[in-house]
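Lettering follows sequence order; numbering is per chain, from 1.
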There are 2 protein chains.
Amino acid sequence: MGRHREFDPDEALHIALQVFRRRGYEGTSISDLTEAMGITRPSLYAAFGNKEDLFRRTLDLYERQHLCFAHEALQAPTARTAVERLLRGYVDVLTDPMSPPGCLGVNGAVACSEASESIREELIARRMVNENNLRDRLEKARSDGDFPSDEDPADWARYVVSVGLGMAVRAASGTSREELQRVVDVAMRSWPTAPR
Amino acid sequence: MGRHREFDPDEALHIALQVFRRRGYEGTSISDLTEAMGITRPSLYAAFGNKEDLFRRTLDLYERQHLCFAHEALQAPTARTAVERLLRGYVDVLTDPMSPPGCLGVNGAVACSEASESIREELIARRMVNENNLRDRLEKARSDGDFPSDEDPADWARYVVSVGLGMAVRAASGTSREELQRVVDVAMRSWPTAPR
DNA sequence: TGATTATTTTACTGATTGGTATCTTATGTA
DNA sequence: TACATAAGATACCAATCAGTAAAATAATCA
């Protein structure tokens with residue numbers, strides 16, 4: 001019972017995602033959010049808790065909606081195609097014409113004031129999950145004979161994620177989709193051939 | 001004539017560099033700066049103008065003091081060694097134990113509020129200068145027969161800078177010097193062999 | 001209809017932001 | 001010593017920050 005909400009929380013969350021992705025966590029003010037969402041401050045706080053809670057919920061939405069391709073990419077038949085799909089799919093996300101360029105997980109907070117350290121750490125932790133998933137995939141590939149036994153999956157996962165992070169910074173700086181795809185072209189040239 | 005300054009502006013600038021490098025442009029408040037520098041607000045404004053002016057001066061200092069290795073690296077005999085020195089030297093800067101991890105040019109501002117857009121753009125422009133310098137070096141290498149004629153120097157410069165940016169984000173996230181050197185190891189494996 | 005409950009609206013809080021006006025103190029020059 | 005000048009100290013500015021108290025409104029349930 002009680003009065004009904006006059007806005008769609010899910011729609012509002014999508015808008016928050018756009019704003020946070022463009023301005024980062026600290027660069028976004030509550031006023032930026034309420035203005036874009038078309039709701040008042042108390043409505044925002046009632047629906048989403050506080051700024052930190054809202055940001056974490058946009059992170060969940062972002063991973064669910066934009067980074068979901070990564071899970072499928074990792075299931076590609078070979079490690080090489082998995083990594084290539086990972087990087088090319090990420091480029092598409094970074095330069096999605098419907099969203100601000102760049103990645104919420106990077107734009108969110110690279111450096112910030114002490115007050116937002118917990119957000120920064122959350123982002124670091126979430127990135128590490130992705131890197132570990134990739135490392136696990138490469139370890140499996142090594143067992144399958146699809147990845148050289150004298151190469152370290154952790155080293156390659158770290159490299160691939162680093163290239164991704166670099167492209168994320170560049171996308172936010174205006175580098176085009178085509179240019180980023182050429183970064184992937186070059187990055188993939190180092191990929192090791194399977195052992196014979 | 002008049003009263004003498006009781007603080008060393010150069011020393012104060014070095015302290016500002018440390019603070020900005022750790023917290024970024026927007027994550028650093030004037031109070032953070034004056035507290036770390038041990039001076040009062042009016043002294044800061046009298047000596048350095050405003051926050052933006054101060055930040056640009058710390059950028060100049062940073063490039064002069066920490067990124068100066070890049071100029072020498074580019075003068076290495078071959079393109080390959082130039083790039084490797086570039087990347088390894090950058091790793092050393094990113095993980096300098098005397099400074100906060102990461103790069104001022106990246107930590108400074110990846111995403112920010114509208115009020116700081118000009119700073120963000122300044123950082124993008126300065127990064128582009130470095131990339132263009134590297135591209136020019138690779139073009140020279142191609143003329144010298146030190147780089148394949150069927151490879152695009154711009155593509156490779158973009159790739160190398162992307163790897164650097166990715167490592168910068170990772171350094172700020174706590175990735176160790178040793179792990180970043182292994183990223184360089186892998187990144188260099190894609191380097192093209194000189195034409196015969 | 002009347003009571004209850006949840007939401008919207010309006011106005012506000014204390015803290016912090018970047019930036020300054022003003023007064024005092026210290027210095028070199030006449 | 002008197003004056004001019006520049007720096008430090010104190011206290012302040014308006015604007016903005018994240019967050020909320022309280023009243024008004026709209027819905028369901030009895």
(message) Between R41(A) and S31(A), do the side chains contain a donor N or O and an acceptor N or O under 3.5 Å apart?
(response) yes
(message) As a quick check of understanding, evaluate salt bridge (charged side-chain N to carboxylate O under 4.0 Å, His left out) for D53(A) and R56(A), giving each step before the final call.
(response) CA-CA 5 Å; D53(A) 294 336; R56(A) 281 181 222 272; 5.2 Å; no
(message) Would you call the rings of F7(B) and F48(B) parallel, tilted or perpendicular, taking 30° and 60° as the class edges?
(response) tilted
(request) Take the protein atom CD1 of I30(A) and the nucleotide atom C1' of dT13(C), then report the distance between them rounded to whole Å. (result) 15 Å
(request) Check R80(B) against M188(B) and note the closest heavy-atom contact, atom names and distance. (result) NH2-O, 3.3 Å
(request) Report the C-alpha separation of R88(A) and E84(A) in whole Å, then their side-chain angles, then the decisive distance to 0.1 Å, and conclude whether the salt bridge (charged side-chain N to carboxylate O under 4.0 Å, His left out) test is met. (result) CA-CA 6 Å; R88(A) 298 213 183 273; E84(A) 181 150 12; 2.9 Å; yes
(message) Under 4.0 Å, counting only non-hydrogen atoms across every strand here, what does T34(A) touch: a base, just sugar-phosphate, or nothing?
(response) nothing
(request) Anything under 4.0 Å to a heavy atom of chain A counts; send over the first and last such nucleotide of DNA chain D, read 5' to 3'. (result) dC17(D) to dC29(D)
(request) Just report the end-to-end axis angle for the helix from dT1(C)-dA30(D) to dA30(C)-dT1(D), five pairs per end, to 10 degrees. (result) 10°
(request) Count the heavy atoms of every other residue, nucleotide or ligand shown that sit under 6.0 Å from CD of E114(A), and state whether that count exceeds 12. (result) no
(message) So for atom CD, which belongs to E117(A), do other residues, nucleotides or ligands contribute more than 12 heavy atoms lying within a distance under 6.0 Å?
(response) yes
(request) Starting at atom CG of L33(B), determine the distance to atom C1' of dT16(C), rounded to an integer number of angstrom. (result) 15 Å
(request) Find the distance Y45(B):OH to dA21(C):P and express it as a whole number of Å. (result) 13 Å
(request) Count the heavy atoms of every other residue, nucleotide or ligand shown that sit under 6.0 Å from CZ of R22(A), and state whether that count exceeds 12. (result) no
(request) Produce a footprint string for nucleotides 1-10 of chain C: one letter per nucleotide, 5' end first; B if the base is under 4.0 Å from any protein heavy atom, S if only the sugar-phosphate is, - if neither. (result) ----BBBSBB
(request) Under the side chain to side chain contact (heavy atoms under 4.5 Å, CB included) rule, what do R21(B) and H66(B) come out as? Steps first, then yes or no, please. (result) CA-CA 12 Å; R21(B) 183 164 167 178; H66(B) 293 94; 4.0 Å; yes
(message) Please find the pair of heavy atoms, one from R137(A) and one from A79(A), that lie closest to each other, and give the distance.
(response) NH2-N, 3.8 Å
